[in-house]
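So the structure is just underneath, and the comments pick up after that.
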Amino acid sequence: MAEYRPSVIEPKWQRIWEEKDYYKTDESGRKKYYVLEMFPYPSGRLHMGHMRVYSIGDVLARFLRMRGYSVLHPMGWDAFGLPAENAAIEHQVHPATWTYKNIETMKKQQKMLGISYDWEREVTTCNPEYYKWTQWLFLLLYHRGLAYKKKAAVNWCPRCATVLANEQVEDGACWRCGEEVTVKDLEQWFFRITDYAERLLDDLKLLDGWPERVRIMQENWIGKSTGAEIIFTVQGSGEEIPVFTTRPDTLFGVTYMVLAAEHPLVEKLTAGTPREAEVRAFVEKTRKQTEIARSSMETEKEGIFTGAYCINPANGEAVPILVGNYVLMGYGTGAVMGVPAHDERDFAFAKKYNLPVRVVIQPPGMPEGTVELTEAYTGDGVLINSGRFNGMPNTEAKEAIVAYLAERKQGSPKVTYRLRDWLISRQRYWGTPIPIVYCDRCGVVPVPVEQLPVILPDDVVFKVGGQSPLAEHADFVHTSCPQCGGEARRETDTMDTFIDSSWYYFRYTDPHNTSAPFDREKADTWVPVDQYIGGIEHAILHLLYSRFITKVLHDAGLTAAVEPFTRLLAQGMVNKDGAKMSKSKGNVVSPDEIIAKYGADTGRLFILFAAPPEKDLDWSDRGVEGCFRFLKRVWRLVDRYADTVQSKCAGNEPDEADLALRRAFHAALKKVTEDIEERFNFNTAISAIMEAVNAAYSYQNTKGDNINASVMGEVLELLVLMLAPFAPHLGEEMWERLGKTGSVHMQSWPRYDPDALQVNEVEIVVQVNGKLRGRLMVPAGLDAEAMQKMALEDERILQHTTGKQIVKVIAVPGKLVNLVVR
RNA sequence: GCCGAAGUGGCGGAACUGGCAGACGCACUUGACUCAAAAUCAAGCGGGCCUUGCGCCCAUGCGGGUUCGACUCCCGCCUUCGGCACCA
């Protein structure tokens, strides 16, 4: 008997798959299914997280092909990014060289895992054939008024020497390197994602195939809040200060106004006054506080009086204007009305600076004015101290007061979002050049589409801490104006790599198109992606950007899709010994090691068996051994009977043991099918196959050499077909061993035989007062009444019922009888 | 602080619609095979109690509730993890 040797059979089948081009996308127009795993950054070598996500995707792709779908299952490379540039600086190797070498290595590893990709559709974002269309996309946004340049206070990572989008700052630190982010005033390119805020929020409703937590995270990130903009006027000068509030009903309770340190009016209000120096000192101190300190609840709320007053449009009262460190210029209008009685922050602030507190919402059931507030009351109630609105429930007053203000042009309903525009320029070399030219005569000029791509030059100098190498590349910078032909300078910033990855799933549908990013008809055939699989770390970043870009493409008439990903699986992490794998902890296990020791099939099987896909998984060397043992068990079983089942044609009439074996395999098939298709529970699917194999072993033990060859032939065929998506190489080898022709992966997924599941007798449970007291074998399909009778007559049950009164009997056919006694 | 997810044997996990808690795997124990070991095959494996019986009691983070019946539903709490957080 030959031994199971993955190191021999795996390369064998990988070679055959490649030669026969099995995984080329079938475009015959059957029902389609687009399975996509997030494409990787080519960092060097695959890690276990990659192995997990590809294993999940591949099982699905292989299963769905067997189910008769045309499956699109492509792979590519998110190949621009900082690590390549850092490697260039450290090791004096060009980012392109470094990147392409990594791609080669990782692609080889993916092939060794036996993943069924259509490699003809491979895309690489740093290839000019790809980034040409990323530039084209930029121009599309530019011409639609969705790309603009402005000077703004932006997040700057000193270590990466570049700016970052808001989504890319986590807890005040750079998402990539963890360095504390500072603020810089810079002229930068933005995408107007805020124009799409409402649709991005609204269409979350369409994504019921996404995990709820991801939808909630996006909802929080977009951060819609509904309220009003109210205009206060500066006493004396008549300057207007608009404020945003969600509580216009508390307008009569305003006792002060606070401006952000960056608010333009601060300078105007204090210039030339005795308070100028003090206020300026405060502003400077505040602006020096880091982003972390300023946005932390721990930081003491501080403010300073400007000396000026403004008029509350509701009651004409003058209230003092302060500058405060807790007011953010980037949200709302950069000015806040202070209502200490009904806002916790305002309350604390007012107590600290002895500002008056005026109650305007009366809590229900509390007599007016009798209680001194010890904390802000933020609940609902009836208005008091609010002139003509007294007595009105505050929920009504919200609208009524805004309507009143609107009539006088002193306010209007307003919706604000936390989401900011997407800052997309990066002061780095290894990215897609922004196709813009600056001309002294014509100003900002987009590069015409015919002149794309703007090629990233190879011959640049990398140094530590300098500005972008592009800015120092004279030949790149100097160009002529596409409009007037005069001398001009190129934009030297490159695009955020999240733009590259925001549309790649469209490119897969038409990867070699040289006249457009993709053909609409081809894109509409496949997009939206039916099942997207990737890490939860992209819950906001990549997934939000991709949704935005899809909507832009839709609006431009380039795709019918309004959302890119119908279903999303956020796969869990792969840990070891309860902790994230890391070099410093010395607990790293690599896919290479596993392939070398056990083969790809064992590794894939274990990674799917150890936990459901969305949960974190703890790597266990022992557990892998177990899966290896299981595959060897399968191998031996098939090997032992392969010849027998082929030589015998006429089988005997099946006996009870034969029927039980058939039942075991058809039940497993039913479960495997449902677990993959409906629940994505690969772990329980695999355990069902294991159970069936165990049943085959005990059948072998009972029957010895007298097995029923035709039944054995049937179940072995089912076994190989069921296992094939999980262990594709072993599947092929066993299929061949059984004397079958063609690839096992090109077979139809088998259907279970309902007759095989039939049983004559079923075991039911008898409970007394809900406690298990006995089991009975009863004929299948026995009705409730008969079951009840049998239960009551059972000797063991009588021990628990004698001398007691039977109050009630519950009988569930096929399941149980419960006797309630007293 | 707010939002969300999770908590089940020594371990990973299962129990899908309220109906046998612990499938499957790991670890462990025992037996067979062997000169021996490995591999393999077979059996056992939540805790407690005794009267050793297809016995009884306890047990799914804790405390209540609904129900004939709760890992599952409801209320309150604890712990862990994740996200957001001066957002006006």
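Letters A, B, ... are given to chains in the order of the sequence lines, protein chains preceding strands, and every chain is numbered from 1.
A/Thr246 comes within 4.0 angstrom of the backbone, heavy atoms only, and of no base. The residue A/Asp675 sits apart from the nucleic acid: no heavy atom pair falls under 4.0 Å. Contact annotation for A/Gly223: no contact, since no heavy-atom pair falls under 4.0 Å across all strands. At the heavy-atom level, A/Arg622 lies under 4.0 Å from the strands shown only through sugar-phosphate atoms. At the heavy-atom level, A/Ile216 lies under 4.0 Å from the strands shown only through sugar-phosphate atoms. In this structure, A/Tyr697 reaches the sugar-phosphate backbone alone: every heavy-atom distance under 4.0 Å involves primed, P, OP1 or OP2 atoms, never a base. Using a 4.0 Å heavy-atom cutoff across all strands shown, A/Arg773 reaches sugar-phosphate atoms only and no base atom. A/Glu625 comes within 4.0 angstrom of nothing in the nucleic acid, heavy atoms only. Nucleic acid contact class of A/Arg679 (heavy atoms, under 4.0 Å, all strands): base. As judged by a 4.0 angstrom heavy-atom cut-off over every strand, A/Pro612 is placed among residues touching the sugar-phosphate backbone only. Looking at heavy-atom distances under 4.0 Å, A/Val765 makes contact with a base. If you check every strand for non-hydrogen atoms under 4.0 Å, A/Asp616 touches sugar and phosphate atoms only. Contacts of A/Lys671 with the nucleic acid, taken as non-hydrogen atoms under 4.0 Å apart, include base atoms. Using a 4.0 Å heavy-atom cutoff across all strands shown, A/Asn694 reaches sugar-phosphate atoms only and no base atom.
A/Thr306 places a side-chain N or O within 3.5 Å of a backbone atom of A/Ile321 that can act as its donor or acceptor partner. Formation of a donor-acceptor pair under 3.5 Å by the A/Thr333 side chain with backbone atoms of A/Pro242 is found in this model. Formation of a donor-acceptor pair under 3.5 Å by the A/Thr255 side chain with backbone atoms of A/Pro356 is found in this model.
The distance from atom OH of A/Tyr4 to atom P of B/rA39 is 18 Å, rounded to the nearest whole Å. Residue A/Arg215 contributes atom CZ, which lies 18 Å from atom P of B/rC84 at whole-angstrom precision. One interatomic measurement links the two molecules: CG of A/Leu328 to P of B/rC86, which rounds to 7 Å at whole-angstrom precision.
Remark: A/Arg418 is not in phosphate contact with B/rA88, judged by side-chain N or O atoms under 4.0 Å from OP1 or OP2. OP1 or OP2 of B/rA14 has at least one side-chain nitrogen or oxygen of A/Asn683 nearer than 4.0 Å. Within the structure, every side-chain polar atom (N or O) of A/Lys771 is placed at least 4.0 Å from both OP1 and OP2 of B/rG55. Within the 4.0 Å cut-off from OP1 or OP2 of B/rA27, at least one side-chain nitrogen or oxygen of A/Arg629 is found. OP1 or OP2 of B/rA42 lies within a sub-4.0 Å distance of a side-chain N or O belonging to A/Asn701. OP1 or OP2 of B/rC41 lies within a sub-4.0 Å distance of a side-chain N or O belonging to A/Arg636. Contact between the side-chain N/O atoms of A/Arg420 and the OP1/OP2 oxygens of B/rC87 is not found at any separation under 4.0 Å.
Pairing partner, B/rU52: none, since no Watson-Crick or wobble contact has both distances short of 3.5 Å. Nucleotide B/rG82 has B/rC3 as its partner under the Watson-Crick or G-U criteria, with both atom distances under 3.5 Å. Nucleotide B/rC20 forms no Watson-Crick or G-U wobble pair with any nucleotide shown, as no partner meets the under 3.5 Å limit on both distances. With a 3.5 Å ceiling on both atom-pair distances, the Watson-Crick or G-U wobble partner of B/rG31 is B/rC41. Figure legend. B/rG9 is base-paired to no nucleotide; pairs are counted as Watson-Crick or G-U wobble with both atom distances under 3.5 Å. Using Watson-Crick or G-U wobble geometry with both donor-acceptor distances under 3.5 Å, B/rC73 finds its partner in B/rG65.
Remark on RNA chain B: of its neighbouring residues A/Asn769 and A/Ser687, the 5'-side contact belongs to A/Ser687, judged by nearest-heavy-atom nucleotide. Annotation: of the two residues near RNA chain B, A/Arg775 and A/Asp618, the 5′-most nearest-nucleotide partner is A/Asp618.
Here, B/rG9 and B/rG22 have their C1' atoms 7 Å apart, quoted to the whole Å. Rounded to a whole angstrom, the distance from the C1' atom of B/rC54 to that of B/rG63 is 36 Å. To the nearest whole angstrom, the two C1' atoms, one in B/rU72 and one in B/rG82, are 24 Å apart. Taking atom P on both B/rC75 and B/rC3, the two are 14 Å apart, rounded to the nearest angstrom. Here, B/rU30 and B/rA15 have their P atoms 33 Å apart, quoted to the whole Å. Using P as the reference atom, B/rA70 and B/rC20 are 11 Å apart when rounded to the nearest Å. Comparing the C1' positions of B/rC81 and B/rA32 gives a spacing of 47 Å, expressed to the nearest Å. Here the separation of B/rC33 from B/rC41, taken at their C1' atoms, is 8 Å to the nearest Å.
The ring of A/Phe349 has its center closer than 6.0 angstrom to the ring center of A/Tyr326.
The side chain of A/Ala611 lies closest to B/rG13, out of B/rG19, B/rG13, B/rA23. Closest contact between the side chain of A/Asn325 and the listed nucleotides B/rG19, B/rG25, B/rC86 involves B/rC86. Side-chain atoms of A/Trp221 lie closest to B/rC84 of the nucleotides B/rG4, B/rG19, B/rC84. When the nucleotides B/rC87, B/rC86, B/rA15 are ranked by their closest atom to the side chain of A/Asn681, B/rA15 comes out on top.
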Check: Between A/Asn694 and A/Arg633, does a side chain to side chain donor-acceptor pair (under 3.5 Å) hold up when you go through it step by step?
Finding: CA-CA 9 Å; A/Asn694 290 344; A/Arg633 234 164 117 77; 2.9 Å; yes
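B/rG12: glycosidic angle beyond 90° from 0, hence anti.
Taking 3.5 Å as the limit, the base of B/rC68 and the side chain of A/Asn818 contain a donor-acceptor pair of atoms between them. In the interface, the side chain of A/Lys808 is not paired with the base of B/rC68 through any donor and acceptor atom under 3.5 Å apart.
Ion pairing between a basic and an acidic side chain is recognised when a charged N comes within 4.0 Å of a carboxylate O; A/Glu674 and A/Lys670 show such pairing.
In this structure, A/Trp619 and A/Phe606 have perpendicular ring planes: the angle between them is above 60°, well past the 30° mark.
In summary, the side chains of A/Asn394 and A/Asp380 do present a donor paired with an acceptor at a separation below 3.5 Å, with no hydrogens or angles considered.
Atom CG of A/Leu543 is separated from atom CZ of A/Arg547 by 9.0 Å, given to the nearest 0.5 angstrom.
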